[in-house]
Novice: 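Before anything else, here's the structure in question.
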Amino acid sequence: MLIAAGSSEVALGFIELGALIFLLSLLSRLAGRFGITAVPLYLLVGLAVGEGGFVHIDVSIEFVELGAEIGVLLLLFALGLEYSEAELRSGLRTGLAPGLLDMCLNALPGVALGFLLGWDPLAAILLGGVTWISSSGIVSKVLADLGRLGFRETPAVLNLLVIEDLAMAVYLPVVAALIVGGTIMATATSVTIALITVATILLIALKFGRPLSNAIAGGSDESFLLTVFGITLLVAGVAQQFEVSGAIGAFLVGLALSGRAKERAEILISPLRDLFAAIFFLFFSLQIDPTDLLDAAGPALALAVVGVFTKMATGWYAAGRTGAGPRGRMRAATVVIARGEFSIVIAALGSELLDGPELGALAAGYVLVTAMVGPLITRYSDHIPIPDFLTRNETSKQISSNAAISDRS
Amino acid sequence: MAQVRETKLPGVGVRHDFTTEDGTDIGVLVHRDGRREILVYDTGDPDACSSLVSLSAADSRTVSELLGASQVTEVVSVVQQNIEGLAIEWIEIAATSSRGGETIGDGQYRTKTGASIVAVIRDDQSIPAPGPDFELLTNDVVVAVGTSEGLTMLRDLIHA
């Protein structure tokens, strides 16, 4: 690593890293000005400095690689932190039907294209994951930026994100086990072990989450940060050892924290997450050959067009179930278009596969398009004409009994 | 009082809204960090808010004072001063607690802790003055009154 290297190499490493991160900061500002997420821009930087790009970094690559791994863990940790156990439970109760529709409509096009391209089934399943999961980071930021948090269709959108998170908690370890692979018997065993490990950690998290949270919630910011970071890496490492994806271990740690520990972790970990997640996106696209991306441009664009419409159908349906009117349904439909961080996390899982490079390039192209186009479409969604056939049955607006909504007298 | 509808927003907070006597829908969104937004829904597009005011925790206190909540605060503080040392606490029956399914009498809470269970909140409905044969379920929230030591003991009993 860097410390062991000669001082000139350290200097070079610092210059490389410093320049890269400074560039990312500029892009993040630029993205902020246009109200879009910086993730696609980070991917572009990675393309420019990676294999076959304009410049090439080599000294700091080890640091970037480890940083990227930590970035995935922190992304998933923060995702686990986002929702309380009660929210997950009620999400599961009210969101199962939209969640299933979401999976069918949005994962299938990816899987189908994977098979069409002649990939092995596993890579196709991963591409299904890439097209399936919306970016909760982008969606919640857009909702807040556009002042839509109080709108009536918003709970339906948020519940959809909760359901996708839960789905990830099952999807990730299963896929990680499938990648380890082997004979059918061995695969079945590793999938079972993965699910049992997840169930065990989840049980411990739910049963001892509160006392654990209370035990670590105190102390200075410094000691708290080190405790949480240490525990996250430890659990992720153990999960990885059992061939469950380490990311899912980190997710469960985030889920287990509650009360004050959760609030402090949200404040203290998120700057760390932003830093390492940026390094992760950079590293991911660093490995992509720009010529691969050009080859993938056609399929990625086609998939993105399909993905825009299938996601819109999901959002339209989910908002309709909670009694939203046509305009509200259109806003919900367009806000969930954006895919982002989790599509990249899923694609990164498959980087070792035979079709890994193509999967990576396709996922990058897909995220570049949907993450840029989604927020733009939803910003102008109130001007999108709604076709007559969608509103024909709207004469008596049905208000379904939503368990999340209860009357208080 | 008008019917207030409550909607939970995962990862964001809670929204309450109701229809005023002249037919306007208004609501308050409470963020998890204590910020509040006052929402006034659009008449043409009932899902959207035509006007939206964002308030910090301090601003919200100011607005509620202006709306007359100060009288309520005064009454509450008078009650608390009158009965020195009395505390009130909300305790949730966790899914892991073995108290779910037991009656209040089974637990012998008042005998053991001196604290009384004065109400039970179930599915957002409050059931006042439950008797000893009232059956507690998981996810119920027990409202208890007693000394702070008694309430700590009660909390430990209920979490066991």
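Throughout, a chain's letter reflects where its sequence line sits, starting with A, and its residues are numbered from 1.
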Novice: Knowing that exactly one of A:T154, A:L161, A:T378 qualifies, which makes a side chain to side chain contact (heavy atoms under 4.5 Å, CB included) with A:L143?
Specialist: A:T154

Novice: When you check the side-chain N and O atoms of B:D133 and B:T103, is any donor under 3.5 Å from an acceptor?
Specialist: no

Novice: Need one label for A:R148: side chain, backbone, both or neither, based on atoms under 4.5 Å from any heavy atom in chain B.
Specialist: neither

Novice: Side chain, backbone, both or neither: which part of A:E263 has a heavy atom under 4.5 Å from chain B?
Specialist: neither

Novice: Flag the one option from B:N139, B:D45, B:L29, B:L39 with the top tally of heavy-atom pairs under 4.5 Å to chain A.
Specialist: B:D45

Novice: In terms of heavy-atom proximity below 4.5 Å to chain A, should B:F18 be classed as side chain, backbone, both, or neither?
Specialist: neither

Novice: Using the side-chain contact (heavy atoms from CB on, under 4.5 Å) rule, take B:D106 and B:E135 through it: C-alpha gap first, then chi angles, then the decisive distance, then the call.
Specialist: CA-CA 9 Å; B:D106 287 340; B:E135 192 186 339; over 6 Å; no

Novice: If we ignore angles and hydrogens, is there a donor and acceptor under 3.5 Å between the side chains of A:K311 and A:S134?
Specialist: yes

Novice: Do we see a donor-acceptor contact under 3.5 Å between the side chains of B:D59 and B:S56?
Specialist: yes

Novice: Just so I understand: if I count every heavy-atom pair under 4.5 Å between each of B:S54, B:G13, B:C49 and chain A, which residue has the most?
Specialist: B:C49

Novice: So what's closer than 4.5 Å to chain A heavy atoms on B:D42: side chain, backbone, both or neither?
Specialist: neither

